[in-house]
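Following: one structure in structure tokens, then a few remarks.
Letters A, B, ... mirror the listed sequences (proteins, then strands); counts begin at 1. Computation of the quantities below employed the complete heavy-atom set of this structure, encompassing side-chain atoms and omitting hydrogens, waters and symmetry-equivalent molecules.
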Amino acid sequence: MNYAPKISRRSFIVSSAAVGGGLALGLNIPFGASVVRAADGSPELNAWVVIRPDDTVVIRIARSEMGQGSLTGFAQMVAEELECDWAKVTTEYPTPGQNVARKRVWGDFGTGGSRGIRTSHDYVRKGGATARVMLVQAAANEWKVPASECSVAISVITHKPSGRTTSYGKVAEAAAKLEPPKDVALKDPKDWKIIGKPLKRLDTADKLTGKQVFGADLKLPGMLNAAIKDCPVFGGKVQSYDAANASRMPGVKKVVVIDGSAVAVIADTWWHAKTALDAVDIRWDGGANTKVSSASIAEVLKEGLSAKQAFVHNQKGDAKAAIAGAAKRIEAIYAYPFQNHACMEPMNATALYTADRCEVWCPTQNGEAALAATAEASGLPVSKCDVQKVHCGGGFGRRGFTDSVRQAVLIAKQMPGTPVKLLWTREEDMLHGKYHPVMQAKLTGGLDANGNLTGLQIRLSGQSILAAVRPEAMDKGKDPFSFQGFWPAGEHSFEYTIPNVLIDHAMRNTHVPPGFWRGVNINQNAIFLECFMDELAHAAGQDALAFRRKLMAPHPKSLAVLNAVADKGGWGKPAAPGVHRGLAHFRCFGSYVAACAEISVKDGNKVKIHRIVAATDSGYAVNPAQIERQIAGSFVYGLSAVFDQECTVKDGRMEQENFHQYNSMRIAQMPKVESIVMPSGGFWGGVGEPTICVAAPAVLNAFFSATGKRIRSFPLKNHGITMV
Amino acid sequence: MARLTINGKTHSFDVDPDTPLLWAIREQVGLTGTKYGCGIAQCGACTVHIDGAPVRSCVMTVGAAEGKQITTIEGLAVNGVLSKVQKAWLENDVPQCGYCQSGMIMAVTALLKDKPKPTDADIDAAITNICRCGTFQQVREAIHAAAGA
Ligand code: FES
Ligand code: FES
């Protein structure tokens with residue numbers, strides 16, 4: 001499944017029916033029927049590939065680039081099969097509206113769940129391969145020779161017997177007129193020349209000079225700017241407001257109420273809009289939710305830990321009996337907080353509405369959902385709407401949601417014919433996130449007299465993301481994604497073989513809107529499981545690595561990443577004085593990941609993370625250099641979260657409004673990250689998210705080794721523990 | 001009427017002198033390479049140079065910046081030739097989403113002017129910009145590369 005944002009009934013019809021019904025993606029190979037031209041007149045070989053007369057290859061990218069590097073990865077996959085000159089590759093985004101008009105020729109635009117590459121590698125590579133065959137055929141036709149006598153390398157086609165050569169740019173026009181061949185074979189991975197190489201990103205240059213236009217930077221002729229405040233209590237309303245002063249302030253054009261819950265000011269500049277908005281006197285009606293607090297939510301979750309009913313997702317043998325009869329019984333309760341994505345670029349969207357057309361420019365992880373939201377908010381059919389994807393200043397799951405798109409369209413509707421850019425303040429961004437869900441867990445393990453783990457029970461209690469965001473993707477009321485890393489089998493499988501297992505979830509939803517937050521539910525699940533494994537190993541008097549290895553014996557890929565980090569991390573060998581190590585492993589998003597952290601602790605609470613060795617087996621590694629960057633980057637995101645980040649609820653709303661209350665790691669705290677990218681082949685696992693979850697438990701286990709203390713609720717700052 | 005000298009060029013526009021320099025640069029002058037991330041001097045995305053020193057432009061007013069030499073990210077490359085730091089960033093493939101990188105590059109450029117061969121401790125003390133994508137490992141490598149260039 002794909003993490004699409006919540007879609008109302010109407011927009012669901014829009015995206016699954018009007019958009020082409022192609023939910024069985026990758027099965028319908030998305031090719032266009034007839035010759036199409038790019039805007040500059042260059043011929044399209046198929047929807048993925050345009051070749052210009054100067055041999056430039058334009059590769060179309062359907063998924064979104066938000067920093068994770070997949071734009072470059074996609075281009076590598078197409079270029080590999082196309083056999084084109086990498087130095088002449090450039091990329092462009094088709095629009096979701098073009099996708100609708102062309103019967104969803106580009107398939108899914110959604111970019112989340114570390115699925116960008118692994119759910120489209122097949123048809124994207126076929127796009128490149130098919131174009132190559134057509135180009136060669138066109139050259140062969142021109143030379144009146146069999147295509148089988150022609151070979152191709154780096155955008156040059158050669159007819160070996162005669163020594164004639166031509167280039168892609170010269171034959172593209174003729175090639176585009178040919179019937180696309182069916183079922184072109186893809187290369188054997190062992191023959192890859194571009195996939196698997198640590199190539200530089202294609203999208204760096206403009207990010208160094210200020211030239212890169214992010215959503216927040218967009219400028220359109222005659223554009224106005226808007227700032228917005230939504231009721232800080234989730235689900236609340238605007239009770240009344242007085243805009244008399246604000247309306248008289250410089251540059252102000254209009255003060256409007258959006259969806260009954262938000263007040264927005266439209267002005268010539270954003271700074272004018274923002275200052276005027278601050279001058280609007282707004283009374284909020286928070287409704288019943290004003291009584292909710294972090295403490296009241298924690299109570300509800302706590303009750304769930306011992307509730308009779310829960311959704312069972314992994315059951316084997318009789319865990320309760322095994323634990324009851326065990327020689328030693330270990331129990332621990334963990335708790336994980338709400339967290340905001342805090343993308344570096346605050347939420348924004350720009351909309352231009354007229355009576356018969358609505359266009360939106362926005363940084364989005366899900367162009368099609370943004371299009372559906374545009375249609376719904378504008379009241380126009382999808383065919384009269386379009387979305388231009390603008391570069392994202394981070395996404396991490398937040399930009400799969402379309403709340404700011406909806407707001408921008410509703411604001412622009414009040415200014416027909418004038419484009420309006422809506423930009424949230426950081427404060428608005430913090431108060432209206434789609435939060436990492438809260439979760440508590442009770443873990444119970446039984447050890448026999450020899451220290452073997454005979455039974456394990458994990459009771460989760462907390463919020464389901466799917467219940468709020470994609471209820472149609474649930475399994476008879478159960479949210480399988482709450483169990484990431486605990487599945488009996490599949491891409492989030494549980495990799496310890498224990499005779500008796502019971503893992504269930506008492507779903508306790510709150511009024512706080514949850515969302516997919518880089519890694520989703522692996523952040524807490526990996527801490528729960530991997531810290532508890534350490535607790536069990538300690539209780540059994542065994543080495544943490546040896547204890548895991550035993551239980552992991554039937555899972556060679558997991559064992560391989562664990563062994564790799566243990567080896568390189570120096571597990572079992574003496575560490576530098578004062579330095580302690582911790583291990584963690586997890587399986588998620590189809591990949592196998594592990595980490596070994598080295599830390600030292602001063603005064604019992606100042607943690608210096610010196611080094612983290614991390615291994616990942618994602619099956620194939622399209623670009624190892626970018627994977628290394630994803631690993632190190634995910635650690636920054638994950639360690640910031642476990643040390644410093646919590647959104648607390650008071651009177652129904654979030655208390656943290658900016659980075660001074662929601663700290664994010666700085667370079668001084670950055671450990672040395674040593675990545676082991678070890679693709680074993682034969683499957684496609686995710687890259688952007690999996691590793692995020694192993695940094696925290698590895699560090700926490702090292703913290704125990706250093707101090708003898710187990711910390712089981714987060715963030716660590718609540719225990720006076722800081723990262724130095 | 002405010003007068004600001006940015007990247008060697010003088011711009012005059014009508015704005016309240018209390019307007020944050022960041023927003024004047026972005027909205028009055030139209031240079032959007034300088035980013036808004038927090039508005040309260042926490043993240044560094046808005047870093048520019050005022051008379052060569054790094055300043056978080058979201059908390060400096062237009063009034064305070066008048067008469068000073070302001071340099072933004074757009075002013076680093078000269079005639080299309082990237083600065084030493086920009087080149088190191090390109091070679092080390094530093095940016096992920098890129099949103100924080102203008103501020104990061106401005107902060108690093110100022111550091112290297114001050115300390116041409118910074119130690120890791122110098123870097124830790126001077127570079128306090130937030131990067132949510134987590135590019136710090138590449139940032140550090142690129143700083144040392146630029147210092148060695
Ligand atoms: S926007 Fe100025 S420091 Fe964040
Ligand atoms: S590169 Fe994305 S925030 Fe730094």
A:Lys229 vs A:Leu277, side chain to side chain contact (heavy atoms under 4.5 Å, CB included): CA-CA, chis, key distance, verdict
CA-CA 8 Å; A:Lys229 275 186 192 171; A:Leu277 180 60; 3.7 Å; yes
Quick one, A:Lys672 with A:Glu674, criterion salt bridge (Lys or Arg N to Asp or Glu O under 4.0 Å). Give me CA distance, side-chain angles, the key distance, then yes/no.
CA-CA 6 Å; A:Lys672 185 166 178 348; A:Glu674 292 174 16; 3.6 Å; yes
Salt bridge (Lys or Arg N to Asp or Glu O under 4.0 Å) between B:Arg26 and A:Asp217, worked out
CA-CA 8 Å; B:Arg26 289 180 57 83; A:Asp217 304 329; 2.9 Å; yes
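Interface remark: B:Thr19 contributes backbone and side-chain atoms alike to the contact with chain A (heavy atom separation under 4.5 Å). Neither the backbone nor the side chain of A:Leu639 comes within contact range of chain B; no heavy atom of the residue lies under 4.5 Å from a heavy atom of that chain. Heavy atoms closer than 4.5 Å to chain A are found nowhere in B:Asp16, neither backbone nor side chain. A:Pro671 touches chain B through its backbone: at least one of N, CA, C or O sits under 4.5 Å from a heavy atom, while the side chain does not. Only the backbone of A:Leu199 comes within contact range of chain B, judged by heavy atoms closer than 4.5 Å. Heavy-atom distances place both the backbone and the side chain of B:Glu74 under 4.5 Å from chain A. A:Glu345 touches chain B through backbone and side chain together, each having a heavy atom under 4.5 Å away. Proximity to chain A involves both the backbone and the side chain of B:Gln86, based on heavy atoms less than 4.5 angstrom apart. Interface remark: B:Leu82 contributes side-chain atoms only to the contact with chain A (heavy atom separation under 4.5 Å). Of the atoms belonging to A:Phe635, not a single heavy atom falls under 4.5 Å from chain B. In this structure, no portion of A:Thr275 lies under 4.5 Å from any heavy atom of chain B. Within the 4.5 angstrom heavy-atom criterion, only side-chain atoms of B:Ile105, from C-beta onward, approach chain A. For A:Asn225, the part lying near chain B is the side chain, with the backbone staying farther off; criterion is any non-hydrogen pair under 4.5 Å.
With respect to B:Gln96, the side chain to side chain donor-acceptor pair (under 3.5 Å) criterion is satisfied by exactly one of A:Gln626, A:Gln68, A:Arg629, A:Gln630: A:Gln630.
Note: A:Pro346 leads A:Pro346, A:Gly395, A:Ser640 in heavy-atom pairs under 4.5 Å with chain B. Counting heavy-atom pairs under 4.5 Å between each of B:Pro20, B:Cys97, B:Gly44, B:Gly33 and chain A puts B:Cys97 at the top. The greatest number of non-hydrogen atom pairs below 4.5 Å with chain B, out of A:Asp206, A:Leu423, A:Val636, is found for A:Val636. Counting heavy-atom pairs closer than 4.5 Å to chain A, the top-ranked of the candidates B:Met104, B:Gln101, B:Glu91 is B:Glu91. Ranked by non-hydrogen atom pairs under 4.5 Å with chain B, the options A:Val213, A:Asn663, A:Asp268, A:Asn658 are led by A:Asn658. In terms of heavy-atom pairs under 4.5 angstrom with chain B, the leader among A:Ala625, A:Ala216, A:Ala342, A:Cys343 is A:Ala342. Heavy-atom pairs under 4.5 Å with chain B were tallied for A:Glu628, A:Met430, A:Met344, A:His272; the largest tally goes to A:Met344.
Applying the 6.0 Å contact sphere to NZ of A:Lys606 captures more than 12 heavy atoms from other residues, nucleotides or ligands. Sparse packing is recorded around NZ of A:Lys211, with 12 or fewer heavy atoms of other residues, nucleotides or ligands lying under 6.0 Å away.
The shortest side-chain heavy-atom distance between B:Tyr36 and A:Trp271 does not fall under the 4.5 Å cut-off. For the pair A:Thr91/A:Leu202, a side-chain contact is recorded, criterion being any heavy-atom separation below 4.5 Å from C-beta on. Within the 4.5 Å cutoff, the side chain of A:Asn340 has no heavy atoms near those of the A:Gln645 side chain.
Checked against side-chain hydrogen bond (donor to acceptor under 3.5 Å, both in side chains), B:Asp120 has the following partners two or more places apart in sequence or in another chain: B:Arg140, B:His144.
The aromatic rings of A:His391 and A:Phe214 lie perpendicular to each other, with more than 60° between the two planes, well past the 30° mark.
No donor-acceptor distance shorter than 3.5 angstrom exists from the side chain of B:Gln69 to the backbone of B:Asp51, with no hydrogens or angles considered.
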